[in-house]
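Report on one structure; see the data block that follows.
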Amino acid sequence: MAKLNVSRRTFVKMTAATAAVAAIGATAGSALAEEPYTAADSAGQVRRIRTCCRGCGKMECGVWVTVENGRAVKIEGDESAPHSMGSCCAKSVSSIQACYHPDRLRYPMKRTQPKGEDPGWQRISWEEALDTIVKGIENVKAKYGGESLFTMGGTGRIWCMSPYAGYGSWFMTPNTAVAWQVCKGPRHFSSALTSEYNHSWSASVERPPVYTIWASTPEVSNYDEAGRSVTDEVFQADTFISVDPRTTALGKEADIHLALRAGTDTALALAMCDVVIKHDLVDWKFVRRWTNAPFLVVDDKEPSGPEIPHIFHGPNMIKTKLLTQADLQEDGSPYKYMVWDNASGSLKWFNATGQRAAADPTYDPAVDPECNCWEGEQPWKRYDGTGHKDSWSRRNFKGMEGQANLREGQSQAWLPDEDDFESIDPALLGSFEVTFKDGSKHTAIPVWQKFVDRCDEYAPEKAAKICELDPALIEKAALAYATRKDPRWGNGGILYQLAIEHHGNSIMNCRAIELLTCITGNTDGPGGQRGATKIDVNYMGNFSDQSYNANIDSQLKHPEIMAKQLGRDEHPLFEWWALWGNANSIWKAGVTGDPYPVKGGVCQSGDFMNMGNTTMAWDCIKQLDFFFDIDLWHHPTSELADVILPCRHWLEVPCPRQSQGSGGALGACVPCVEPLAETWYDPEIVEALYKRVGIPWGWDDDNPYPTLEEKLDYVVREVAPSWKDYVEQFEENGWWDVKKLRPDDWGTYRRYQTGFMKKSYTEAPNEHNVIPGFNTPTQKQEIWCTVMETYCGAEDALPDYRPNPDSRDRNPGLWEEYPVQCLTGRRIPVYFHSEHRQLPWCREVWPAPRCEINPDDAREWGIEQGDWVWIESPHGKIRQTADLFYGVPHGVINCEHTWWFPECPAPEHGWRYSAVNQLVNNDIDDPHCGSSIVRGYPVKVYKAKEGCPDGIIADASDPRLKDWLPVYEGRDK
């Protein structure tokens with residue numbers, strides 16, 4: 001009998017046509033509620049409410065919630081949401097158990113016992129709680145100064161993001177300890193350095209022909225797409241590339257698996273760039289015209305720049321070795337970056353004044369004929385459209401609809417023809433002699449030549465030794481990624497995610513990967529790196545992120561406050577970024593009092609286990625004079641609070657919701673059930689605190705504290721006349737396609753060419769803000785990063801592989817005692833970071849933390865499946881259960897993160913048993929953004945003779961799980 005040689009992916013492709021035919025007769029569901037956006041008493045009724053799941057905090061899965069007699073009884077996928085394809089996961093379905101959980105916080109509470117002991121929580125009124133919080137925070141400010149406070153936030157729940165920026169105008173602190181610093185923040189940080197803020201997102205929803213997943217398991221949880229949708233993308237792709245030290249569930253289907261040594265991503269990305277360059281697969285039109293590749297570097301030039309600063313979150317004076325006209329002539333402009341023109345054999349300039357207006361109110365780019373123009377080239381088309389619902393780009397640029405590989409429900413975007421130079425020919429290679437205005441002669445080298453030389457340092461045969469890969473496999477992957485399926489655009493972006501941010505070289509990793517997508521023509525193209533979905537509703541869902549009043553004071557307006565930002569002395573780029581204090585530095589200052597005391601703070605839907613050393617973080621919070629928490633549950637962090645405020649579950653709240661990434665969807669969270677007892681909605685809590693301290697929250701000085709309904713009307717005003725109308729449209733028609741809502745912005749590719757890339761999402765397009773280019777100092781996608789150069793020196797202007805101080809490369813002696821590399825942080829199907837440990841359906845499936853170990857290693861160490869094992873580093877020691885898995889390389893383990901045990905007593909709830917960040921070295925982190933090194937560090941592993949820790953639920957048969965079953969009665973009490 002002949003062998004059947006059909007892979008799973010091939011089989012799915014073979015059956016795709018049959019599946020499509022079968023789907024033709026399917027009909028969409030409909031909302032049964034007459035008033036679907038309210039959660040009014042529905043006794044005797046059955047309602048089916050369209051809403052948005054927030055069970056994991058990353059996806060925006062469209063769901064239907066069936067409500068019977070006022071109770072949510074079923075959650076299922078909404079077929080109108082093309083980004084989630086009508087599916088939802090176990091976390092979503094189990095949200096019913098979370099909403100009706102008997103242990104949810106129902107009332108404000110205050111502690112009656114000393115910190116470090118069982119808090120002895122006592123119920124108090126909202127009035128007392130809010131008054132106590134204001135008094136506690138104000139006392140700390142008065143005694144120690146605003147810098148002694150910090151804010152602490154978890155992951156994206158839309159409405160609970162105030163610790164990221166919302167408390168700044170009250171606390172006046174430069175210090176935030178937010179999960180963002182280790183979760184997508186470094187990607188945003190590096191893309192803002194290189195091209196556009198948030199530009200790390202790839203539009204994989206558009207099904208690129210080569211689908212590349214780098215350091216992620218999106219089949220379990222991800223932004224915009226996960227589960228069924230990302231599986232669909234993998235199986236329809238011509239080539240699927242997985243870059244991951246482990247063999248993931250989805251990665252086992254890969255055509256090419258690059259199982260690199262963890263933490264060596266920069267070396268691999270540069271090696272792939274080297275292959276692209278040497279095989280002439282570069283998108284030369286884009287690289288020459290829209291990156292700073294042809295700009296000239298003068299190594300012996302004293303760094304200089306324009307007197308008017310570049311603006312990001314604060315004024316930054318750019319100092320660069322790039323050659324400008326000001327270096328060559330007395331009246332020369334420092335905005336005019338020089339290139340060598342092969343056509344004329346002379347120097348020409350690019351005039352990068354597109355952002356000058358941000359710092360110079362007298363400058364108007366609309367009337368400057370040279371703004372963002374090349375010398376001798378025709379000026380760009382000036383905007384003369386009628387607003388953000390216009391289709392100006394389609395009328396003014398030759399092009400075509402973007403691509404034809406979209407799944408049903410997705411629309412095309414307009415793809416302008418790729419433009420090119422008309423008269424000049426900027427050189428990319430070689431060296432050129434230039435004469436400065438003082439008569440001195442210097443050698444100028446194009447950025448591209450510098451980049452080519454850097455990539456050659458990591459050619460496959462060289463990078464292979466660093467990454468522990470076959471150089472032929474690196475070359476195969478690079479050729480598969482860069483050899484175009486269609487000559488008009490690249491093969492797609494790269495879905496690069498969390499793991500590359502955790503090895504102490506996150507910014508270098510992210511920049512190298514972005515440049516790989518850049519030089520292959522995947523910047524803002526079909527299926528490429530498009531960034532976050534742009535629409536002026538409520539960007540990234542930060543519904544309560546900060547006050548709507550643009551005139552109120554904040555710490556960002558006070559350089560003397562920002563100069564005290566913890567970690568800035570060791571991370572000079574914090575002055576440019578300004579969006580977080582360094583978590584490691586905050587914990588250390590709290591424990592040591594150096595450089596000043598940290599004595600108060602707030603936590604909102606977050607925890608202390610997500611970054612830095614968990615033990616030091618706990619000790620920091622325990623010594624605070626005052627600390628309050630807003631959450632659904634008692635958990636280890638909240639057990640250190642002085643006051644706890646109970647918030648509402650996603651089934652109980654209203655909020656608009658747009659894709660965090662490039663999914664291009666717009667929908668809503670719609671209240672399905674009445675709120676529990678005395679819980680409040682997060683935005684209303686923060687506004688109430690602001691009202692008590694007399695700081696306005698609203699956009700209208702005559703209405704400084706708007707109602708919730710007024711805020712909802714305000715944030716959707718560009719899409720619907722009111723929130724009520726918005727929800728009615730959503731219930732009737734389903735999710736909006738933002739490409740259709742914003743045809744010139746999200747509905748157009750290559751926006752750097754049309755001028756819509758630079759325009760803020762909050763601005764209506766006009767002749768002053770529709771300007772071609774990027775929001776970087778050179779107005780180009782920067783291969784040579786001028787901000788990195790300004791703060792860290794020219795040696796950091798190009799990406800480079802820099803292993804962290806505890807790596808095997810730099811500290812081999814440490815690895816002699818701790819010879820195993822510890823990875824951690826993978827997605828678990830039923831959990832989201834620290835969440836859902838008290839939900840019966842989830843805990844039954846995954847009762848205890850698992851540590852993946854290669855079976856050959858386990859045999860050598862005397863460990864069998866299910867054994868409890870000790871994992872030990874110089875900084876701590878934890879227990880997890882052994883899960884034998886050949887998908888983990890020899891000498892590597894993969895632990896689970898942020899474990900705690902709700903069944904264990906307060907205040908610790910068992911976090912010391914298994915929380916993996918106890919193993920982390922709190923003294924080292926990424927030198928640029930400060931992200932903690934929470935993966936890839938050295939440990940030793942051995943069997944735990946002690947077995948299972950006392951008191952925890954370790955199997956699905958534990959009768960205590962029944963104590964967590966939903967309670968439906970008495971929710972109003």
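None of the values given here were measured: they were computed from a predicted structure.
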>> Looking at every non-hydrogen atom in both residues, tell me the closest pair between Cys842 and Ser94 and how far apart they are.
In response: SG-OG, 3.4 Å
>> Checking the side chain of Asn854 only, and the main-chain atoms of Val888 only, is there a donor and an acceptor separated by less than 3.5 Å?
In response: yes
> For Arg826 and Glu852, what are the C-alpha separation, side-chain angles and deciding distance, and is it a salt bridge (Lys or Arg N to Asp or Glu O under 4.0 Å)?
Replying inline: CA-CA 11 Å; Arg826 69 184 166 107; Glu852 292 179 335; 3.5 Å; yes
>> If you apply the rule salt bridge (Lys or Arg N to Asp or Glu O under 4.0 Å), what do you find for Glu903 with Arg960, and how did you get there?
In response: CA-CA 8 Å; Glu903 64 271 22; Arg960 287 175 291 175; 5.4 Å; no
> Going through the distances and angles, do Trp899 and Tyr831 end up as a ring pair (Phe, Tyr, Trp, His ring centres under 6.0 Å)?
Replying inline: CA-CA 10 Å; Trp899 264 90; Tyr831 298 131; 5.5 Å; yes
>> If you compare all heavy atoms of Phe608 against all heavy atoms of Ala617, which two are closest, and at what distance to 0.1 Å?
In response: O-CB, 3.7 Å
> Do Tyr913 and Trp868 have ring centres separated by under 6.0 Å?
Replying inline: no
> Under 4.5 Å between any side-chain heavy atoms of Glu76 and Arg48, yes or no?
Replying inline: yes
> Given side chains that start at C-beta, do those of Thr637 and Met152 come closer than 4.5 Å, heavy atoms only?
Replying inline: yes
> Side chains of Asp682 and Gln604: is there a donor and an acceptor less than 3.5 Å apart?
Replying inline: yes
>> Parallel, tilted or perpendicular, judged at 30° and 60°: which one describes the rings of Trp126 and Trp680?
In response: parallel
> Does any non-hydrogen side-chain atom of Arg228 lie less than 4.5 Å from one of Ser84?
Replying inline: no
>> Please find the pair of heavy atoms, one from Ala641 and one from Arg111, that lie closest to each other, and give the distance.
In response: O-NE, 2.8 Å
>> Could you walk me through whether Lys115 and Ile621 satisfy the side chain to side chain contact (heavy atoms under 4.5 Å, CB included) test, starting with their C-alpha distance in whole Å, then the side-chain angles of each, then the deciding distance to 0.1 Å, before giving a yes or no?
In response: CA-CA 9 Å; Lys115 293 182 181 180; Ile621 299 171; over 6 Å; no
> Does the pair Val63 and Trp650 meet the rule for a side chain to side chain contact (heavy atoms under 4.5 Å, CB included), with working shown?
Replying inline: CA-CA 12 Å; Val63 293; Trp650 69 263; 4.1 Å; yes
>> So which atom in Ser92 and which in Cys53 form the shortest heavy-atom distance, rounded to 0.1 Å?
In response: OG-SG, 3.2 Å
>> Once rounded to the nearest 0.5 Å, what's the spacing between atom CG of Leu640 and atom CZ of Phe628?
In response: 15.0 Å
> Is there a salt bridge (Lys or Arg N to Asp or Glu O under 4.0 Å) between Arg837 and Glu896 once you walk through the steps?
Replying inline: CA-CA 13 Å; Arg837 302 299 196 279; Glu896 293 175 359; 5.9 Å; no
> Does any non-hydrogen side-chain atom of Ile871 lie less than 4.5 Å from one of Gln880?
Replying inline: yes
> Mind checking whether Tyr942 and Trp870 have parallel, tilted or perpendicular rings, split at 30° and 60°?
Replying inline: tilted
>> Using the rule given for salt bridge (Lys or Arg N to Asp or Glu O under 4.0 Å), can you reason through Arg879 versus Glu946, listing the C-alpha separation, both sets of side-chain angles and the distance that settles it, and then say yes or no?
In response: CA-CA 10 Å; Arg879 268 180 283 183; Glu946 300 86 346; 5.2 Å; no
> Just how far is it from atom OG of Ser125 to atom CG of Leu130, taken to the nearest 0.5 Å?
Replying inline: 8.5 Å
> Could Arg104 and Trp633 be counted as a cation-pi pair, given that NZ or CZ must be under 6.0 Å from the ring centre and within 45° of the axis?
Replying inline: no
> Is there a side-chain contact between Thr615 and Trp911 (heavy atoms, below 4.5 Å)?
Replying inline: yes
> How far apart are the closest heavy atoms of Asp607 and Ser834, and which atoms are they?
Replying inline: OD2-OG, 2.9 Å
>> Do Asp856 and Tyr886 have side chains that approach each other closer than 4.5 Å (heavy atoms only, starting at C-beta)?
In response: yes
>> Is there a side-chain contact between His649 and His101 in this structure, where contact means two heavy atoms from C-beta onward sitting under 4.5 Å apart?
In response: no
>> Between Arg47 and Glu68 (salt bridge meaning N to carboxylate O under 4.0 Å), is one present in this structure?
In response: no
